[in-house]
Every structure is written in structure tokens, then in C-alpha cells.
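To start, the structure under review is shown below, and the notes come after it.
None of these values were measured; they are calculated from a predicted model.
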Amino acid sequence: MTRGAAQVAPDHFPKWLLFGAAGIMAFSLISVGWVRIMGYGPDQLVAATTVQRSLIFQDQAHGGVRVADGLTGATLAVLQGEQGFVRGALRALARERYARGIGSAQPFELIARADGRITLMDPSTGQRVELESFGPTNSAEFSRFLTLQPE
């Protein structure tokens, strides 16, 4: 050290301020996580049901899918061709039924809500697919089943 040079004191940043900031961040993360887990997030609140219909989907020998009313068993439509989105959404729910040893006789619930969301729910497993997440075109593939009359 050279003679005559002033010794510089190290910076002293208050540790309590760092701990306070860390505490606020931890509290924020825990609070947001708690709200999401408990289902109170703004995108998780359930709007009132406007229309609900029980539906049974059955694969046909010719490759089509029969859509029947879950209460009366009356045929609403027979889907021909690929029907990619309808089959994909049903496949996800059917896979869960198969894993739990549940057959295909139980109907699914198609629910339209006041905020425009449409949900395909499997009451036997508790699984659901929020159809509006896949866009208006794919959501419309299912929403038409809400108003179809038996053939």
C-alpha cells in the first residue's frame, strides 16, 4: 500500500433490503401458485352453463362414428371420413377410460357456457377437454351436436 493513499471502505448494501426483496418475490410466487392450484385463476373460473347435452360416440364397422343422444339413444349424426379433430379429442378421453377399465357405454357431457366456452367432459373419469382452446373451427365441430335433432 502506498503511503498517503486513503483507504476505501467496502460498499455496505443493507442485507435486510435484499432479504425483504427475496421475501416479496417468494410470497408472490407462492400466492400465484396457490391461486392456480386451487382453481381460482381468471381462466379457471367456470361460467354458468347455458346448454348441456349427454352424447355417446360409437365407432361403426364402416369406419364412421355414430353420435347418439346420451339420454334417448337416438342417432344424431353419423360422421364419415377422417373427422380428425373429433376423433382426436375423443381418443384422448377414451384412452383414460381404457386405462381405468371403463367401457364406452357411459355418455360424455358436452357443455356450452355463458362466456362462449365449450367443454367436452367425461363424468366417469373427470377428464375434460376445453374445446375453445383449439380455435373456433374445431370448437364448432362439437358445438353443432348441442342443437342436432335425431335423424
**Prompt:** Which atoms form the tightest heavy-atom contact between P107 and G70, and what is the distance?
**Reply:** CB-CA, 4.1 Å
**Message:** Going by side chain to side chain donor-acceptor pair (under 3.5 Å), D122 matches just one of R97, Q106, Q127, R128. Which one?
**Reply:** R97
**Prompt:** Out of curiosity, L131 CG to M121 CE, how far, rounded to the nearest 0.5 Å?
**Reply:** 13.0 Å
Show me the donor-acceptor pairs, under 3.5 Å and distance only, between side chains in residues 49-57 and residues at least two apart or in other chains.
from	atom 1	to	atom 2	distance (Å)
T49	OG1	R113	NH1	3.2
T50	OG1	A112	O	3.1
Q52	NE2	E109	OE1	3.0
R53	NE	D69	OD2	3.2
R53	NH1	F145	O	2.8
R53	NH1	L148	O	2.7
R53	NH2	D69	OD2	3.3
R53	NH2	L148	O	3.0
S54	OG	E109	OE1	3.3
S54	OG	E109	OE2	2.6

**Item:** Pair E130, T119: side-chain N/O donor-acceptor within cut-off below 3.5 Å
**Value:** yes
**Request:** Take R87 and V65 through the test side-chain contact (heavy atoms from CB on, under 4.5 Å) and record every step on the way to the result.
**Result:** CA-CA 9 Å; R87 286 185 187 267; V65 176; 3.5 Å; yes
**Asked** Roughly how far, to the nearest 0.5 Å, is the CG atom of L93 from the CZ atom of F108?
**Response** 5.0 Å
**Prompt:** Hey, are the side chains of L120 and L90 touching, using non-hydrogen atoms and a 4.5 Å cut-off?
**Reply:** yes
**Residue pair H62 / V78, side-chain heavy-atom distance below 4.5 Å** = yes
**Message:** Any non-hydrogen side-chain atom of T75 less than 4.5 Å from a side-chain atom of V67?
**Reply:** no
**Separation of T125 OG1 from I102 CD1 (nearest 0.5 Å)** = 6.0 Å
**Prompt:** Which heavy-atom pair separates R100 from E96 by the least distance, and what is that distance?
**Reply:** NE-OE2, 2.8 Å
**Asked** Mind checking whether I111 and I118 have side chains closer than 4.5 Å, heavy atoms only?
**Response** no
**Asked** Same cluster or not: are F19 and L17 linked, directly or through other Ile, Leu, Val, Met, Phe, Trp or Tyr residues, by side-chain heavy atoms under 4.5 angstrom apart?
**Response** no
**Message:** Heavy-atom count check: over 12 atoms from other residues, nucleotides or ligands less than 6.0 Å from F13 CZ?
**Reply:** yes
**Request:** State, with a plain yes or no, whether a side-chain heavy atom of F142 is found less than 4.5 Å away from one of V129.
**Result:** no
**Request:** Working to the nearest 0.5 Å, report the span between OG of S139 and CZ of R117.
**Result:** 11.5 Å
